[in-house]
Structure formats: C-alpha cells, structure tokens
Trainee: 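Structure incoming, see below.
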Protein chains: 2
Amino acid sequence: MASECKVETALEILVGKWKPIILFHLFSKGTMRFSELQKTLPDITKKMLTAQLRELEYHDIVHRKVYLQVPPKVEYSITEYAKGMLPVLDAMNTWGTAHVQHLNELYGENREVEPFVSNVDGLAEGM
Amino acid sequence: MASECKVETALEILVGKWKPIILFHLFSKGTMRFSELQKTLPDITKKMLTAQLRELEYHDIVHRKVYLQVPPKVEYSITEYAKGMLPVLDAMNTWGTAHVQHLNELYGENREVEPFVSNVDGLAEGM
DNA sequence: TTCTATGGTATCTTTTTGGATACTATGTTT
DNA sequence: AAACATAGTATCCAAAAAGATACCATAGAA
C-alpha cells in the first residue's frame with residue numbers, strides 16, 4: 001500500500017528537551033519517584049518534568065502510580081510496552097556515538113560536545 | 001568507561017520540522033535539485049529548506065554541489081556516510097508504524113494521525 | 001504553631017523555531 | 001527592453017517551547 005514514513009511518530013516520543021534523559025534514567029532504574037527524578041535532573045523545572053512525563057504517559061511509555069498519602073508519593077515507571085523501544089533507542093545511541101566521532105574527525109574535537117549523562121555505572125546495556 | 005547517552009546526538013540530525021521528510025525524499029531519489037525539493041515540499045519556505053539542508057550538510061548527511069551557471073543549479077545528494085543512518089531510520093520507522101497502531105488501540109482511530117508522506121511508490125525499502 | 005515534605009498548577013517572561021515577504025544576481029528568452 | 005528562471009539572503013513577525021516564580025493542599029514533625 002502507500003508507503004508512509006513514521007519516523008516522525010518515533011520522534012514525537014523523543015523530542016522535548018528532557019525526554020531522552022528522563023527515559024534514560026527511567027529505563028535504568030525502572031521506577032522513580034517524581035522527587036527522585038527532580039534530584040537526578042537538577043536543572044529541570046517541575047513544570048517541564050510534569051509535562052514531559054505526562055506526554056510519555058500518554059504514549060504508554062511510562063506509567064504513573066499515585067499513592068494516596070500525605071505528603072504525596074507518585075512513582076513513574078517504564079511500561080512493558082516501552083521496552084519495545086529499546087532496540088530503537090539502542091540503534092540511535094550507537095549511531096549517535098559513532099557520529100560524535102565522525103564530527104570530531106571532520107571538524108576537530110573542539111566543538112563542545114556535551115556528554116549529558118556520565119558515570120551512570122552498570123547501566124550501559126539498555127542504552 | 002562512562003556510559004553516555006547519545007540518543008540526543010542522533011536526534012540532532014532528525015529534529016526540525018522538515019528534516020525527516022527532506023531525508024525521506026533525498027534517500028529515495030539520491031540526488032535532488034533545490035527547486036525539485038521545493039516542488040516536492042510545496043509548503044516549505046526557501047529559508048527553511050536552505051536552513052535544514054545546511055544543517056544536514058554540516059552533519060555530512062547531504063552533499064551540496066553547486067554548478068557555476070546561470071540560472072544557478074544546486075544539487076543535494078545523500079552522502080555515503082549518511083547511508084549508515086538507514087538502519088536507525090528504519091528502526092524508527094518500523095517502531096513508529098507499530099506505535100501508531102498501539103495508540104489507535106489505546107485511544108481509538110480518531111486522533112488525527114497525519115500520514116505526512118503518502119503514495120511515494122516503490123520507495124519503501126529505504127525507510 | 002510553624003515548618004517541612006511532596007507533587008503538583010498557574011501565570012508570566014524569555015528563548016527558540018518557523019513563516020511571510022521582499023530583495024538580489026545574471027544569463028537566456030521573448 | 002522586459003520577463004523568466006534559480007538559489008538563495010535579509011528582515012520582520014508569529015507561534016511554540018521552555019524557564020522563572022509563586023502558589024496550593026495537608027499530615028506529621030519540631
């Protein structure tokens with residue numbers, strides 16, 4: 001039938017200033033509290049964190065579990081469905097890593113490549 | 001060593017309102033003139049088309065060949081290097097296609113999923 | 001009684017991205 | 001002589017995304 005390019009659909013899930021790194025941590029830990037995510041990502045505002053998590057929730061990538069207690073407790077976890085994304089994320093990460101190298105070869109090392117996650121030990125296998 | 005997530009690096013190449021579709025057409029045809037891209041993508045402005053192509057050129061994804069003649073002729077083509085992205089694009093496209101289906105199951109068909117490329121015959125293999 | 005912790009929301013401002021429009025250069029065609 | 005074709009630039013404006021800041025509810029601790 002008609003060939004339709006759904007690259008953009010995949011991008012929907014990933015685009016957003018904080019989504020990749022949120023996913024990275026959630027895939028790593030499986031489940032995290034809202035406050036835990038905040039501490040892990042000190043520069044994100046609550047507004048953005050909430051917004052990005054809600055979008056991920058809409059896409060069935062993360063699950064939001066509310067504990068009815070005070071003070072509130074809300075846990076975000078990677079869904080089973082989301083695990084189907086891992087090959088995609090892995091392909092992107094692998095290619096991205098090689099591409100950083102390629103750019104360095106083309107333009108030299110001094111083009112500020114910021115490693116946005118570093119030293120998260122033992123979490124390399126997923127991404 | 002330190003595990004660094006380069007998903008964002010891959011996203012750099014893809015993010016931009018028109019980049020996926022530009023890539024789609026360039027991967028399909030291999031080489032296209034500026035005006036040919038304009039005709040294929042009637043809603044893009046010259047400014048945006050130029051900007052996106054220049055970013056792709058910076059990343060060594062497309063090559064810009066200028067013919068010194070009047071009126072000007074400029075051809076944009078996919079680089080050999082860019083072909084290394086195809087597995088990534090393919091993974092994204094495959095996952096994206098399945099995800100549209102998943103969203104339909106979750107929320108029903110009526111959530112305006114716009115097929116942004118349709119009926120480009122015989123071009124399915126690359127993406 | 002006041003403060004703390006938690007997971008938000010509401011509002012406003014700034015930054016980034018994208019779009020509209022006009023302009024340019026110049027050899028060829030009419 | 002004027003119009004056309006091509007591949008842009010330049011300038012200005014609108015819209016979208018992100019950030020800053022303040023506010024809320026409430027049980028329990030100090």
Trainee: From the options C:dT26, D:dT26, C:dT9, select the nucleotide whose nearest atom is closest to the side chain of B:Val70.
Mentor: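 So the nucleotide nearest the side chain must be C:dT26.
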Trainee: With nearest nucleotide decided by heavy atoms, which residue, B:Val15 or A:Glu75, maps closer to the 5′ end of DNA chain C?
Mentor: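 First, find each residue's nearest nucleotide; the 5'-ward one identifies A:Glu75.
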Trainee: Are B:Glu75 and B:Arg64 within salt-bridge range, i.e. N to O under 4.0 Å?
Mentor: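 No salt bridge links B:Glu75 with B:Arg64.
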Trainee: In whole Å, I'd like the distance from the CD atom of A:Gln38 to the P atom of D:dG19.
Mentor: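 My rounded result for the distance is 14 Å.
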Trainee: With respect to the side chain of B:Lys47, which nucleotide from C:dA20, D:dG19, C:dT6 is positioned closest?
Mentor: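 So the side chain of B:Lys47 is nearest to C:dA20.
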Trainee: Can you tell me which nucleotide in C:dG8, D:dA18, D:dA7 comes closest to the side chain of A:Phe34?
Mentor: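 The nucleotide sitting nearest to the side chain is C:dG8.
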Trainee: Does any donor-acceptor pair link the side chain of A:Lys17 with the base of D:dA18 at a separation under 3.5 Å?
Mentor: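 No, the side chain and the base share no sub-3.5 Å donor-acceptor pair.
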Trainee: Please tell me which of the listed nucleotides, C:dG19, C:dG7, D:dA7, lies nearest to the side chain of B:Val74?
Mentor: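 Shortest atom-to-atom distance from the side chain points to D:dA7.
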Trainee: Does the pair B:His102 and A:Tyr81 meet the rule for a ring-ring contact (aromatic ring centres under 6.0 Å, His included), with working shown?
Mentor: CA-CA 9 Å; B:His102 188 70; A:Tyr81 172 72; 3.4 Å; yes
Trainee: Taking the side chain of A:Arg64 as its heavy atoms from C-beta onward, which of D:dT6, D:dG19, C:dG8 lies nearest to it?
Mentor: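 Of the candidates, C:dG8 comes closest.
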Trainee: Looking at C:dG19, C:dT6, C:dG8, which one has an atom nearest to any side-chain atom of A:Tyr76?
Mentor: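 For A:Tyr76, the side-chain atoms sit closest to C:dG8.
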Trainee: Under the side-chain contact (heavy atoms from CB on, under 4.5 Å) test against A:Met32, which residue among A:Val62, A:Leu37, A:Ile22, A:Val74 passes?
Mentor: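 Of the listed residues A:Val62, A:Leu37, A:Ile22, A:Val74, the side-chain contact (heavy atoms from CB on, under 4.5 Å) partner of A:Met32 is A:Leu37.
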Trainee: Choosing from D:dT6, C:dG8, D:dA20, which nucleotide comes nearest the side chain of A:Thr45?
Mentor: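 Of D:dT6, C:dG8, D:dA20, D:dA20 is nearest to the side chain of A:Thr45.
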Trainee: Could you state the NZ-C1' distance from B:Lys46 to D:dT11, rounded to the nearest angstrom?
Mentor: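 Atom-to-atom, B:Lys46 to D:dT11, this comes out as 16 Å.
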Trainee: Find the distance between CG (B:Asp60) and NE2 (A:His99) and round it off to the nearest 0.5 Å.
Mentor: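 So the CG of B:Asp60 and the NE2 of A:His99 are separated by 8.0 Å.
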Trainee: So which one's nearest nucleotide on DNA chain C is more toward 5', B:Trp18 or A:Thr50?
Mentor: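 The residue whose closest nucleotide sits nearer the 5' end is A:Thr50.
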Trainee: Which whole-number value in Å describes the distance from B:Leu49 CG to C:dT21 P?
Mentor: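 Atom-to-atom, B:Leu49 to C:dT21, this comes out as 18 Å.
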Trainee: Taking CG from A:Leu41 and P from C:dG7, how many angstroms apart are they, rounded to a whole number?
Mentor: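 One finds 15 Å between P of C:dG7 and CG of A:Leu41, rounded.
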Trainee: Separation of A:Arg33 atom CZ from C:dG8 atom P, in whole Å?
Mentor: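 Those two atoms, CZ and P, are 10 Å apart.
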Trainee: Starting from P on C:dG19, measure out to CD on B:Gln52 and report it in whole angstrom.
Mentor: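 Nearest whole value for this atom pair: 9 Å.
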Trainee: When you get a sec, tell me which of D:dG19, C:dG18, C:dT6 is the closest nucleotide to the side chain of A:Met48?
Mentor: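 The closest nucleotide is D:dG19.
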Trainee: Could you state the atom-to-atom distance from NZ of B:Lys73 to P of C:dT28 in whole Å?
Mentor: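 About 15 Å, once rounded to whole Å.
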Trainee: Does B:Asn93 use its side chain to pair, donor to acceptor, with the backbone of A:Cys5 at less than 3.5 Å?
Mentor: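 No.
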Trainee: Round to the nearest Å and state the distance from A:Glu57 atom CD to C:dG7 atom P.
Mentor: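 So the CD-P distance, A:Glu57 to C:dG7, works out to 15 Å.
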